[in-house]
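Just so it is clear, the values below take in all heavy atoms, side chains as well, and ignore hydrogens, waters and symmetry mates.
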Amino acid sequence: ELRDDYGSNPRLEAWQRGERVDWDDRESWWHPFHQTISDAVARGVAVRRARVVSEPASDYIRWEHYATQANVIAGEEVRWLPRSQASGFLVPANDFWLFDGKLLRVHHFAGKGNHVTDELSADAMTLKLCATAFEEIWDKAKEEKVSLRTAAFILGIGRVARATELSGLAKTQLPSLGYFLFYLVL
């Protein structure tokens, strides 16, 4: 998810009025979506969500962070990446759901955040690009046992080091850069 606002909805409006969810009263907040997620996770399906957000967070994102507890209880794994740490990644321009690496559901939104339409795609190149964008950040965070923010930093520094090496600068004009980058990553 890449947007800072997805328009208004009754749950957001209740939160803005100061109403809070009673997480102990599951019937009051559990929706069919949560059951679908829970059922999928029970079958062994990994349901993961990555959110790229601006800082400071919008009201919508603050509410979404609060409401994400329902997704986590249902079995989703959710990670957050500040937009300022996402510059080193090539990410799709639209939110998407990827199903088993075989089907992509792309979500299109208007400028103010309201949902316009969804598009289904099985285009191999688009599937690969979206899967790679998601997995690269997710895997790096898991591998390093760090937050998505730190994972983005590590990958970005690695790309700078590789570009420097390929350009020949590392051997001629910047002999200490490799050590400096190595030091930063540690």
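- Lys128 NZ to Asp123 CG: the interatomic distance, rounded to the nearest 0.5 Å, is 12.0 Å.
- For the side chain to side chain contact (heavy atoms under 4.5 Å, CB included) test, residues two or more places apart in sequence or in another chain that qualify with His65 are Trp80.
- Using a 4.5 Å heavy-atom cutoff, the side chains of Gln35 and Trp30 are in contact.
- Rounding to the nearest 0.5 Å places CZ of Arg3 at 11.5 Å from CD of Glu64.
- Across Gly7 and Tyr60, no two heavy atoms sit closer than the pair O-CE1, 3.3 Å.
- Side-chain heavy atoms closer than 4.5 Å link hydrophobic residues (I, L, V, M, F, W, Y) into clusters, and following such links, even through other members, never connects Val91 to Trp97.
- The two residues Ala110 and Val116 come nearest to each other via the heavy atoms N-CG2, 3.4 Å.
- In plain terms, the two heavy atoms of Glu55 and Pro82 that are nearest each other are OE1-CB, 3.4 Å.
- Proximity of a side-chain donor or acceptor of His31 to a complementary backbone N or O of Trp29 within less than 3.5 Å is detected.
- Residue His107 is tested with Asp118, Thr117, Asp95 for a side chain to side chain donor-acceptor pair (under 3.5 Å); the sole match is Asp118.
- Centroid-to-centroid, the aromatic rings of Tyr66 and Trp23 come within less than 6.0 Å.
- A continuous path of hydrophobic side-chain contacts links Phe33 to Val45 [ILVMFWY only; heavy atoms under 4.5 Å].
- Under a hydrophobic clustering in which Ile, Leu, Val, Met, Phe, Trp and Tyr are joined whenever their side-chain heavy atoms come within less than 4.5 Å, directly or via other members, Ile73 and Trp63 fall into the same cluster.
- A donor-acceptor contact closer than 3.5 angstrom is absent between the side chains of Asp22 and Ser28.
- The side chain to side chain contact (heavy atoms under 4.5 Å, CB included) search around Leu98 returns Phe96, Leu104, Leu127, Ala131, not counting sequence neighbours.
- Formation of a donor-acceptor pair under 3.5 Å by the Asp100 side chain with backbone atoms of Lys102 is not found in this model.
- Both Ile61 and Val78 are members of a single hydrophobic cluster when ILVMFWY side chains are connected at heavy-atom separations under 4.5 Å.
- In plain terms, the two heavy atoms of Gly75 and Val41 that are nearest each other are O-CG2, 3.6 Å.
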Q: Show your working on side chain to side chain contact (heavy atoms under 4.5 Å, CB included) between Asn94 and His108 and close with a plain yes or no.
A: CA-CA 7 Å; Asn94 296 299; His108 298 282; 3.7 Å; yes

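- Under 3.5 Å, the side chains of Arg51 and Thr68 contain a donor-acceptor pair of N or O atoms.
- Summarising the geometry, atom CG belonging to Asp59 is positioned 5.5 Å from atom CD belonging to Gln16; distances are rounded to the nearest 0.5 Å.
- Linking Ile, Leu, Val, Met, Phe, Trp and Tyr whenever their side-chain heavy atoms come within less than 4.5 Å leaves Phe134 and Leu129 in two separate clusters.
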**Q.** Verdict with reasoning, Ser54 to Asp4, per side chain to side chain donor-acceptor pair (under 3.5 Å)
**A.** CA-CA 7 Å; Ser54 297; Asp4 289 320; 2.5 Å; yes

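- A salt bridge does not link Arg48 to Glu77: none of the charged side-chain nitrogens sits closer than 4.0 Å to a carboxylate oxygen.
- Note on residues 37-58: no pairs pass ring pair (Phe, Tyr, Trp, His ring centres under 6.0 Å), not counting sequence neighbours.
- A donor-acceptor contact shorter than 3.5 Å is absent between the side chain of Ser38 and the backbone of His34.
- In this structure, Arg83 contributes its side chain and Val52 its backbone to a donor-acceptor pair below 3.5 Å.
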